[in-house]
Each structure stands twice: as C-alpha cells, then as structure tokens.
Amino acid sequence: MKSLIYRISAVLMLVALFSSCDKFLDTLPDNRAEIDSVEKVRKLLVTAYSSRSYVRHFEYASDNMDFAGEKNPNTSQLIEQNYAWEAMTAAENESNVNVWQHYYKMIAVANAALEAIENCGTPEEMLPYKAEALLCRAYAHFCLTMFYCLPYHPVNAEHYLGVPYIDAPETTLNPRHVRGSLAEDYVKIQKDIEEALPLVEDEVYSVPKYHFNKKAAYALATRFYCYSMQWEKAVKAADVVLGSNPSDMLRDWEAATKLTWDSKVRTMDYVDPLHKFNLLLIPLYTSNGSLFHAWSGAGSRYSHNNRVAKTETFRCKRPMGGPYDTGKDDCYKIYKHPPFLWYDNVTNKVWMPKWPSQWEVVDAVAGTGYSRSTFVAFTANEVLLNRAEAYIQLKEYELAAADLDCWNRSFFKVGQYGVTNLTVDLIDEVYSNSSSPRYIAEYTREAPTSRKPLHPHGFEVESGRQENMTQCLLFCRRLDFLGEGLRWCDVKRYGITVDRFDDTNYVDETTTGFVAGVSLPYNDLRRAFQLPQESIKTGLEPNPDDNSTNENHPFVKY
C-alpha cells in the first residue's frame, strides 16, 4: 500500500488562501502522521466539521433584523458592518475571514481523508468514510457559495464568480487558485453529493447525528436540489428523509413546552441528538447563544424584535389565521411553543429557544474562555418545507398544501383560536380575495406585511395560485428558520428587497413610530458577501461592486 503522509493540509490551505505577501512558512512542516487505517481515517474526519458557520452573518443581513436606536449600546463593529451589507473587516471570533478559513479547513481535512482512502486501495470498510468526506467537501463548498456568491441561475451562473473548488490536498507552499464560476462549483458539489449518497452507512458511527448520516446526507441533497432548481430530485431526496409519515419526523414543540421554563433547558432540548427532527449537529465556537436569545441584551441594537414580529412574523396576519395585531400574550397563545421574548428600555427581542449558550473555560482564574453552542445544521422541518417548495414549482399544489399543513399542525394549535388547516383553496383566498377577512395585503414600507414582492432568480413564480402557494411557503419558512440564517438564502433566491427600519420611537400598542430607512434592492450586488481582504491580497478576484461595463448583468452597482 502506498504510504500517505498527512501534511497538515488545513495549514497549507490557509497559507494559500489567507496569508499576505510575507511567507508564513519557508519549508514544509515535518509534523507527520500516516493515515493508513479505518480508525485513523475515522478520527481524522471527526475533526473535519467547521467550528464556524454562516448563521450569524446571514441572520443580521436578512429582513429579520431591525434597528433599536443609538441609545442601545449592545453591538459590535462586525454586526454593524453585517447589518449595513458592508465589507466585513472586523476581527472577531466569527469574523468573515474565520468563516472562510474554517470552511476551507473542512475541505482540506476531507481531501486528506479521501487521499488516504484512495491510497489504501479504497477497501469496502472505508466506503462510509469516503461518503462522509465527500459530503463534508460538498457541504463546505456549498456554504461558501451561499455566503460569497450571487444566487444560482441555470443560465447566468456560468458568468457569476464562484469560489475556489479544492478537490485534492495541497502539496505546495503557495498554490494559486482562481474562483471559476458558480456553475462549475454547482456541478462539482452535485457530483460529490451523488457519489456519496449510496455509500452512507449510519452503523459506523456511535452518535450518527454528529456526522453526515443518511438522513443528513439526503437533507443536504434536498437543499442543494432546491437551490439548483432540480425539483424532481428534491422531492425524491426529501422522501428518503421524511418516509411515509412526515409528521412523525417534525419537531414536537408541544412536548418542549412541558419542560422547565428555562432557556438553558429548552435550548439544550432543541439540540438533543435523540430527536428525530435533528439530522446533523455541529458544535461551534459562536456567540449565537446570546445573540439569538431573548433574555440576553447581547447584540440587541439590531434584533428580531416586536416591530418585525407584529408586522411580518409571529404576530402578523397569517395564512392559517388566529389573532394578530393585538397584545403579545393573545398572539402567542396559538403556537405549540411560544417564542421567548424580552421588552424593556434597552432589549427588544423575540426568538425561539434554539441556541444553547455554553462556555469553554480557558483560564478559570482570569475567567477567560470561549462562547460555544451547537448548530442544528439540517432539520426534518427544513426538508419538509423544501419538498413543499419543489411541489409548488412542479405545480403539484395539493401535495404542497399537504406538506404545508403538516408543518402548520406541528407549529400551531390548529382548531383553536381561529387557526385552521392550510388548503389550496384557503391559501388562494388569503392571497387573492381582497374582500375576504383573511386577505393579507401586499407589503409596503409604510404598512409592512409578510407578503413581500417576489423577483425569483433563475426560475418563475406565476401570478395567481403559484404565487399564493409560494407566499404561504415563505411565511412558514421564515418562522421555522428564524435564528438559523436561511431566511437570507430565501431573500436572495426569491429576490426579496430588504428594508431597514429605525424603531427608536416605536410604539407597540399602536404599531407606530417606526421609520423606513435604506434598502437592499432585490438585484443588488451586495447579495454576495465580499471575500475576506486576506484572501483578496493573495490574488483571488473580489466580488465586483460595479458592473457598469456589463450592461446585461442582472445585478447592479451599489
């Protein structure tokens, strides 16, 4: 067997992609270990999963966040840059460069594992780990495209900048990479996913939920197929995850309400690997446990607050009905699990308990350490709503309504307080019949609602029934994905303009005092986050901020 030397691929990757002009290393590292057995490959892949994520950046960039006013001191430079869609240059634990770096570290470890498996002759007992490595590589590249690229378009993606797709370990100190196109990235992501799917075996893991187990693998496939508009494949992949009884796979919010009314208890329950709902769990170094937590003032200058909740999310007029535009207690009683909220002179937050706040002690005497949490990277709820999206695009409206109502019954107290089942006819009434008391008016900056104008990128949403079903879907997705970052992906894919609001003088009782500010148009180039400056300095092409020389480009200068 050909001996493999693991050359600390992650370090070499970082040298190639993140160092500036000065040399970080002058010679190859001599810290070597042979990866020549199943057990060594397994242990290597345990270290693959990125300890940073897109969530924080996506959430602050999306329309889930409002400005509480200058008097609220709870912010940071990175949050300010993220909220304003500026290039993120702030140096923090969850900085732009750290996200980029850790996803490429994930790729480097995956490539090292794949090389080791190949050099061992790819024995049958290593095939499940080959699948895991391929899925890690695909997932990390996919996340990078979600972060740094424009939304996928079947025709235009070949003209959109992608990210460097690294599919082999680095063997030189200063490799030079080019970004290529988004279309090329998507082809390679799909190849890795589809090669991996038949090889996944849950039995090789002691706790499968912390690895790309079978359902997590098909959940990744479902998301990718939706984002790449391969609707039939999205349905088939989702079927593998959901089985014959999707309701049995969804989060049991009602059971969670029987736990102690304590954020620590309920957030830890949310990330419990024993729940069928949880498909893939990834431990992170992150402050999400305080940022997306109602009882913490952290980051609260910008937050999902009562203005957003009352006009666009939890307390707004909904397709499934129930009290709206009223007191908080009245609006929240219709949920299987009400959101956690806090409202005082400084903090104004409305969040579901999803992110445990954990602390890793570095120096007990000095009281220093790191904020940690656990990320539920894929859920059965997302898979169900992805399948509903695919059905809507395939014009299988009854099947889409069945999935939407399955989710509805898991989230709301259907049959109580005026909350009803979701059907095709009801959804048509809600979005088409302006004389109906259920009618939801179209969004304006002066009178915000959940029904925002759509400019889908790369696919069509026909007016009438298809748009009605899509509006219902996007509302359900926005509630379910709150605090998970995926609203930003919907904002990009469906071409939703993001308006910023100043809530300094907001009065909740009368829904007045908020002031509309700047907007991010649906075709703004800032929908692709700028690469880290450290990577641009190595020669990688930055995302453009001016495409005036390309008159046919669908995104505009900002």
Out of Asp325, Asp508, Asp330, Thr326, which one pairs with Arg315 under the side chain to side chain donor-acceptor pair (under 3.5 Å) rule?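 Going through the options one by one, the only one that passes is Asp508.
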Tell me if the aromatic rings of Tyr152 and Tyr160 count as close, with their centers under 6.0 Å from one another.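 For Tyr152 and Tyr160, the ring centres are not under 6.0 Å apart.
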Indicate yes or no for a side-chain donor-acceptor contact from [X] to the backbone of [Y] under 3.5 Å, with no hydrogens or angles considered.
X      : Y      : answer
Ser432 : Glu429 : no
Arg387 : Leu242 : no
Asn306 : Tyr343 : no
Trp261 : Arg266 : no
Arg307 : Phe514 : no
Asn278 : Tyr270 : yes

Could you tell me whether Glu460 atom CD has more than 12 heavy atoms of other residues or ligands within 6.0 Å of it?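 Check fails, neighbour count at 12 or below.
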Grab the two heavy atoms, one from Arg445 and one from Ala516, that are nearest each other, plus how far apart they are.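 Heavy-atom minimum between the residues: NH2-CB, 3.5 Å.
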Restricting to non-hydrogen atoms, name the atom on Ser519 and the atom on Thr497 that form the minimum distance, rounded to 0.1 Å.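 Minimum heavy-atom separation between Ser519 and Thr497: CB-CG2, 4.2 Å.
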Only one of Glu92, Arg56, His293 forms a side chain to side chain contact (heavy atoms under 4.5 Å, CB included) with Ser287, so which one is it?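 Of Glu92, Arg56, His293, side chain to side chain contact (heavy atoms under 4.5 Å, CB included) with Ser287 is met by Arg56 alone.
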Less than 4.5 Å apart, side chain to side chain, heavy atoms only: is that true for Glu70 and Thr504?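 No. Closest side-chain heavy atoms not under 4.5 Å.
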Could you check if a side-chain atom of Arg493 sits within less than 4.5 angstrom of a side-chain atom of Pro456, using non-hydrogen atoms only?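 With C-beta onward as the side chain, the pair stays apart.
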Quick test of your reading of the model: are Lys258 and Asp269 salt-bridged, counting only N-O distances below 4.0 Å?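 No salt bridge links Lys258 with Asp269.
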Show your reasoning for whether ring-ring contact (aromatic ring centres under 6.0 Å, His included) applies to His457 and Phe555. CA-CA 10 Å; His457 193 66; Phe555 287 80; 5.0 Å; yes
Can you say whether the rings of Phe412 and Trp407 are parallel (under 30°), tilted (30 to 60°) or perpendicular (over 60°)?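 Phe412 vs Trp407 ring planes: perpendicular.
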Is the terminal nitrogen or CZ of Arg451 (NZ for Lys, CZ for Arg) located under 6.0 angstrom from the six-membered ring centre of Tyr431 and within 45° of that ring's axis?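 No.
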Pick out which of Tyr494, Phe142, Phe459, Tyr186 makes a ring pair (Phe, Tyr, Trp, His ring centres under 6.0 Å) with Tyr227.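 Between Tyr227 and the candidates, ring pair (Phe, Tyr, Trp, His ring centres under 6.0 Å) is satisfied uniquely by Phe142.
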